[in-house]
S.K.: 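Pasting a structure below so you can have a look.
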Amino acid sequence: FYASAAPLRAVFASDMQLLAKPPADYHLFIFFLFYIATHLYAYAQALSVQPFIENLPVLLQAVIPQYRPQQVPHWILHDAIGASLPLASNFRHAWKLHSIAGGAPVHVFGVWDGNALLPLAVNINEQQFIFENEAD
């Protein structure tokens, strides 16, 4: 990993030795697991040591996509304890994510920018779906 208060960038070496020994606190910054509240706390911790973080990778487990036509944002992910995160307005595959989940909890990997989550992949029943290039 490159030296940083919040180690997010790593060298991809052919021997993978650098990746075999991540910093002791890498788990605080690489994937935030389980509930949304845990993710938000970890994001606050990451900002406290690296205030210039623009996007942070996140893995949320057991979240359900929900469409709310009468509210803004229209699309959210919510978890079992009632917390929710808005989906990024430029996420073009919200209905696909919704149909993949079918109302059931799924695991969503994406990028959090402090305001909204841009989903990049979803896992349900050990099957992964990757969303195509989201860059606009």
Side-chain angles (χ1 to χ4, degrees):
F1 284 85
Y2 285 95
S4 173
L8 293 173
R9 295 176 49 219
V11 175
F12 185 74
S14 61
D15 62 4
M16 300 296 284
Q17 293 302 309
L18 293 175
L19 297 178
K21 298 178 183 177
D25 59 353
Y26 85 102
H27 63 280
L28 295 175
F29 306 104
I30 302 302
F31 297 118
F32 303 131
L33 301 175
F34 305 111
Y35 294 113
I36 290 170
T38 305
H39 155 64
L40 294 175
Y41 175 77
Y43 180 68
Q45 293 297 105
L47 282 179
S48 72
V49 296
Q50 180 58 279
F52 300 106
I53 290 176
E54 292 182 17
N55 294 304
L56 206 58
V58 60
L59 176 63
L60 295 171
Q61 294 186 343
V63 292
I64 300 172
Q66 182 180 12
Y67 179 64
R68 307 172 314 163
Q70 305 302 322
Q71 298 178 14
V72 176
H74 297 303
W75 286 100
I76 63 168
L77 294 177
H78 68 87
D79 64 19
I81 60 173
S84 64
L85 287 179
L87 294 185
S89 60
N90 66 332
F91 180 57
R92 298 184 309 254
H93 305 288
W95 283 109
K96 183 176 182 179
L97 173 61
H98 186 64
S99 67
I100 289 169
V106 294
H107 307 322
V108 175
F109 174 79
V111 180
W112 175 252
D113 68 2
N115 295 308
L117 181 77
L118 177 63
L120 301 175
V122 61
N123 180 307
I124 184 168
N125 299 326
E126 302 303 319
Q127 187 174 9
Q128 291 82 32
F129 298 89
I130 298 172
F131 300 112
E132 294 301 316
N133 185 0
E134 291 296 327
D136 287 335

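We number each residue from 1, following the sequence as shown. If you're wondering where the values come from, they're calculated on a predicted model, not measured in any experiment.
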S.K.: Taking all heavy atoms of Ala101 and all of Pro65, pick out the closest pair and write down the distance.
M.R.: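 Shortest heavy-atom separation between Ala101 and Pro65 comes out as CB-CD, 3.6 Å.
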S.K.: Check for me, please, whether Val111 and Leu47 land in the same ILVMFWY cluster - side-chain distances under 4.5 Å, paths through other members count.
M.R.: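 Same cluster: Val111 reaches Leu47 through Ile, Leu, Val, Met, Phe, Trp or Tyr contacts under 4.5 Å.
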S.K.: In Å, rounded to the nearest 0.5 Å, how long is the span from CG of Leu77 to NE2 of His39?
M.R.: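 Rounded to the nearest 0.5 Å, the CG-NE2 separation comes out at 10.0 Å.
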S.K.: Measuring from atom NE2 of His107 to atom CG of Asn125, what distance do you get when rounded to the nearest 0.5 angstrom?
M.R.: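 Nearest 0.5 Å value for the NE2-CG distance: 9.0 Å.
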S.K.: Please give me the minimum heavy-atom distance between Ile76 and Ser84, naming the atom from each residue.
M.R.: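 Residues Ile76 and Ser84, closest heavy atoms: CD1-CB, 3.8 Å.
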S.K.: Applying side chain to side chain contact (heavy atoms under 4.5 Å, CB included), run through Leu118 and Asp113 and close with a yes or a no.
M.R.: CA-CA 8 Å; Leu118 177 63; Asp113 68 2; over 6 Å; no
S.K.: Would you say Val63 and Tyr41 are hydrophobically clustered, going by side-chain heavy atoms of ILVMFWY under 4.5 Å?
M.R.: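 No, because Val63 and Tyr41 fall into different hydrophobic clusters, even though each may have its own neighbours under 4.5 Å.
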S.K.: Can you tell me which residue among Phe129, Trp75, Phe131 is in a ring-ring contact (aromatic ring centres under 6.0 Å, His included) with His93?
M.R.: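 It is Phe131; the other options fail the test.
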S.K.: Is it true that a side-chain atom of His78 and a backbone atom of Leu85 form a donor plus acceptor pair closer than 3.5 Å?
M.R.: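 Such a contact is absent between His78 side chain and Leu85 backbone.
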S.K.: Indicate the atoms forming the closest heavy-atom contact of Pro86 with Pro73, along with that distance.
M.R.: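 Shortest heavy-atom contact: CB-CG, 3.3 Å.
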S.K.: Is the CD1 atom of Ile81 crowded by more than 12 outside heavy atoms at less than 6.0 Å?
M.R.: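 Result for CD1/Ile81: enclosed.
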S.K.: Going only through I, L, V, M, F, W and Y residues with side-chain contacts under 4.5 Å, is there a path from Ile100 to Trp95?
M.R.: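 Looking at the clustering, Trp95 is in the same group as Ile100.
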S.K.: When rounded to the nearest 0.5 angstrom, what is the spacing between CG in Leu56 and CG in Leu117?
M.R.: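 Leu56 CG to Leu117 CG: 10.5 Å, rounded to 0.5 Å.
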S.K.: Does Ile64 belong to the same Ile/Leu/Val/Met/Phe/Trp/Tyr cluster as Phe109, with side-chain heavy atoms less than 4.5 Å apart forming each link?
M.R.: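 No, because Ile64 and Phe109 fall into different hydrophobic clusters, even though each may have its own neighbours under 4.5 Å.
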S.K.: Rounded to the nearest 0.5 Å, how far does CH2 of Trp112 lie from CG of Leu60?
M.R.: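 One finds 9.0 Å between CG of Leu60 and CH2 of Trp112.
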S.K.: Is any side-chain heavy atom of His74 less than 4.5 Å from a side-chain heavy atom of Ser89?
M.R.: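 No. Closest side-chain heavy atoms not under 4.5 Å.
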